[in-house]
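First comes the structure, then the notes that go with it.
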There are 2 protein chains.
Amino acid sequence: MATIKDIARTAGVGIGTVSRVLNETGYVSEETRQKVWNAVKSLQYVPNGIARALVTKRTMALGVVLHDLMNPYVPTIARGIEDEARRHGYTMMVLDTDWQLEHELRAITILRQQAVDGIILVSPANTEEMVSKCQDENIPVIVVDSGDASAISHITADHYKGARDAVAWAKKQGHTHIGFLAGPAGLRFADLRLRGYLDSMGLTDLSLEEVDQRKELPIVRAEFLFEGGRAATEALLHAHPEITCIFAGNDMSALGALQYLEQQGIAVPEQIAIIGFDDIFIASLVHPRLTTIRQPMYEIGVAAAELLMQHLSAPECPIPQRVFDLTLVVRESC
Amino acid sequence: MATIKDIARTAGVGIGTVSRVLNETGYVSEETRQKVWNAVKSLQYVPNGIARALVTKRTMALGVVLHDLMNPYVPTIARGIEDEARRHGYTMMVLDTDWQLEHELRAITILRQQAVDGIILVSPANTEEMVSKCQDENIPVIVVDSGDASAISHITADHYKGARDAVAWAKKQGHTHIGFLAGPAGLRFADLRLRGYLDSMGLTDLSLEEVDQRKELPIVRAEFLFEGGRAATEALLHAHPEITCIFAGNDMSALGALQYLEQQGIAVPEQIAIIGFDDIFIASLVHPRLTTIRQPMYEIGVAAAELLMQHLSAPECPIPQRVFDLTLVVRESC
DNA sequence: TTGAAAGCGCTAACAG
DNA sequence: CTGTTAGCGCTTTCAA
């Protein structure tokens, strides 16, 4: 627990000088530099980041607010963020929220208290409120995957186009009766995927709000969950026996659908085809392997951190947005 | 960015008093308390954790060093840690290491600099070195899942017994020729699982070092990876056509094995049975669903954080160790 | 080129 | 009960 004072004393210099050689700021003679480094080595000195942060106003820590680390697509993004952050000497604080706004808001307060230099919001439940809170607190924020194309600085993938590509592929395979397993209403990127599906199915005039009313449509909310996928598929098939293809709004619900069909002895893709969204790791392991829309999650994480770092070192330039392309990965299920 | 001074001024009291009401320490008249809280509210004051940490020597942050967030069993542990930590007002810093000792060591230095109050090591590559470095730095540490039963404070599961249970089950199913997909040599919990297998197969006298020499044994290193599982299974079956059951040291390699067998048209479990280890989420989704040894990962994470918190509030008592039981989850693959 | 001094925002004695 | 004071360990002027 040596302090800068100890270094100064054993090196026989002032603390200002020690600080100067440590941070390579200002002129220091080669000789003193050596003396200081020797003292640092021999005392195994590591600067106290807290004390440093108090004066520099920089903690070299960034906050990552995400809904759930256990949700398969999240760790990949987190890993991307961490890898890039570390390259810049930053450390990552992780906070789960279970997609609840109150938890999200509390997370910001905690991070503000921990004085992180910036925050990355991964798929927040309420983007506007979260971003404005960060702005109130005066802390740089960047949003990942809210799917929101507003002025807010964000990284996302083209969910709308991804959904359209998925339906296009299904149609190309000869399917005309295509059901959809929707995500939670109000979740931006879930809405975009739904919109893509609707538009591709010629339901351009239908608003998202109307969807839940129109029971005759082959659309069921699976909430992006495995169990939801099972249940939704069952409901869908009962109401719409004509369906030959199910487009799931994400892979988890696709997996649920797959399990239901398998248990019912329905052959995939022969009787019912399935197409997912995300390309989480599991997608390539199930049988039949899942055809899906790949989201470059790791790259998205890296990009988010990259842009934040960039903004931190040059706060004057606005943070650019960035939209990643999605790619169709054709495997066996459709 | 109001400071304690601003609060003191607008509330018309001294900063000491403000600090007292904020921390509920010492006597403050109800009236002043109100005045202070009003000022806090109206200025939207949030205490600066950094300044506080500088004097209290407590950052309310803990470091979690893990090998890879993308490894399926890791996020669950991390989530458990975070949930428990948050209950105590702690925030979690996550550092990946890719299982490389140098990265691990660097992680400690970073965390030391960030002045975390404690560190949780999840399956470190080199437990001794890591723990001793933490001790040198004088920072409380607890180890998760190193499988090491030494004096070091740790949480782990009974890998040895788990492996024995797995083999026992396989035998009960009538299997006598049971192959093993081993993990990396030297990884403690991998070694324990291997030891369990060896002992159950009557190879009690065989040392772990000898295993790699004895090519005639039905043991191949799959390195705990999906691809490793595929390759190892292929090798295993070529060398040992008599095998009717494969015990994979972890689920990822079991999944690899499963895929290989499926592609070869080998029926599971009819021709070859498979039993895994970990019970990662995917295990219950593949076909056939994987019989495996369940590790209570979330609970392990919670326990780790719990013990650390406990130690932080009562540093005098030694940190107890804790070994979780593993349970056999019988599904379809064996 | 370098030492000394002034804080950063807060807690924790210490007098009143 | 409450205001004042002295640091926590570091960076950053400011003289020298």
Side-chain angles (χ1 to χ4, degrees), chain A residues 1-37 39-40 43-61 89 109 111-117 137-139, chain B residues 1-40 43-61 89 109 112-117 137-139:
Chain A
M1 303 297 114
T3 77
I4 201 173
K5 269 187 188 167
D6 299 319
I7 304 299
R9 186 155 12 84
T10 77
V13 300
I15 62 166
T17 305
V18 176
S19 176
R20 251 167 261 137
V21 351
L22 253 29
N23 302 297
E24 306 189 33
T25 161
Y27 297 94
V28 183
S29 76
E30 191 47 39
E31 197 194 336
T32 8
R33 191 196 311 287
Q34 275 314 322
K35 284 195 294 188
V36 171
W37 276 119
V40 167
L43 295 183
Q44 301 203 62
Y45 172 73
V46 178
N48 180 329
I50 299 301
R52 176 178 286 170
L54 187 57
V55 25
T56 60
K57 268 96 178 68
R58 279 215 160 195
T59 51
M60 299 307 280
T109 305
L111 292 174
R112 152 87 156 77
Q113 195 147 339
Q114 290 284 351
V116 295
D117 295 339
E137 304 287 17
N138 217 319
I139 141 171
Chain B
M1 302 297 112
T3 75
I4 201 173
K5 270 188 188 167
D6 299 321
I7 305 299
R9 186 156 12 85
T10 77
V13 299
I15 62 166
T17 305
V18 177
S19 176
R20 251 167 259 137
V21 351
L22 254 29
N23 301 297
E24 306 188 36
T25 161
Y27 298 95
V28 183
S29 76
E30 190 47 40
E31 196 195 335
T32 10
R33 190 197 311 287
Q34 276 312 323
K35 285 196 294 188
V36 171
W37 275 119
N38 288 150
V40 167
L43 294 182
Q44 301 203 60
Y45 171 73
V46 178
N48 180 330
I50 299 301
R52 176 178 285 170
L54 187 57
V55 25
T56 60
K57 268 99 180 64
R58 278 215 162 196
T59 51
M60 300 306 280
T109 304
R112 152 86 157 78
Q113 196 147 339
Q114 291 283 351
V116 295
D117 295 339
E137 305 287 17
N138 219 318
I139 142 170

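A, B, ... follow the sequence lines: proteins, then strands. Residue 1 opens every chain. Just so you know, these numbers use all the heavy atoms, side chains as well, and skip hydrogens, waters and symmetry mates.
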query: Between B:Asn138 and A:Met1, which heavy-atom pair has the shortest distance, and what is it?
result: CB-CE, 4.0 Å
task: Return the residues of residues 27-37 of chain B meeting this criterion: a heavy atom under 4.0 Å from some atom of DNA chain C. Order them by number, or give none.
output: none
query: For the residue pair B:Lys57 and B:Leu54, what are the closest heavy atoms and their distance?
result: NZ-O, 3.6 Å
field: Shortest non-hydrogen contact between B:Thr59 and B:Gln114, atoms and distance
entry: CG2-O, 3.9 Å
List, one per line, each side-chain donor-acceptor pair under 3.5 Å for residues 15-24 of chain B, sequence neighbours excluded.
from, atom 1, to, atom 2, distance (Å)
B:Ser19, OG, B:Asn23, ND2, 3.2
B:Asn23, OD1, B:Arg52, NH2, 3.4
B:Asn23, ND2, B:Ser19, O, 2.8

message: For the CD atom on B:Gln44, are there more than 12 heavy atoms of other groups (residues, nucleotides or ligands in this structure) within a distance under 6.0 Å?
response: no
field: Those residues that, when tested against A:Thr109, pass side chain to side chain donor-acceptor pair (under 3.5 Å) (two or more places apart)
entry: A:Lys133
- prompt: Are A:Ile7 and A:Val36 close enough, and set up right, to give a side chain to side chain contact (heavy atoms under 4.5 Å, CB included), and what steps lead you there?
  reply: CA-CA 7 Å; A:Ile7 304 299; A:Val36 171; 4.2 Å; yes
message: Tell me the closest heavy-atom pair linking B:Ala11 and B:Ala39, and the distance in Å.
response: CB-CB, 4.0 Å
- request: For the helix from C:dT1-D:dA16 to C:dG16-D:dC1, figure out the bend between the end axes, five pairs an end, and round to 10 degrees.
  value: 50°
task: Starting from the 5' end of DNA chain D, give me the residue, B:Gly12 or A:Asn48, whose nearest nucleotide shows up first.
output: B:Gly12
Over all atoms of both residues, closest heavy-atom pair of A:Arg33 and A:Val28: NH2-O, 3.2 Å
Chain B footprint on DNA chain C, 5' to 3' - any atom under 4.0 Å from a heavy atom: C:dG9 to C:dA13
query: Are A:Gln34 and A:Glu31 close enough that some pair of their side-chain heavy atoms sits under 4.5 Å apart?
result: no
- line: In short, B:Asn48 meets B:Ile50 closest at the heavy-atom pair OD1-N, 2.7 Å
query: Which letter, B, S or -, goes with each nucleotide of nucleotides 11-16 of chain D from 5' to 3', with contact meaning a protein heavy atom under 4.0 Å?
result: BBB---
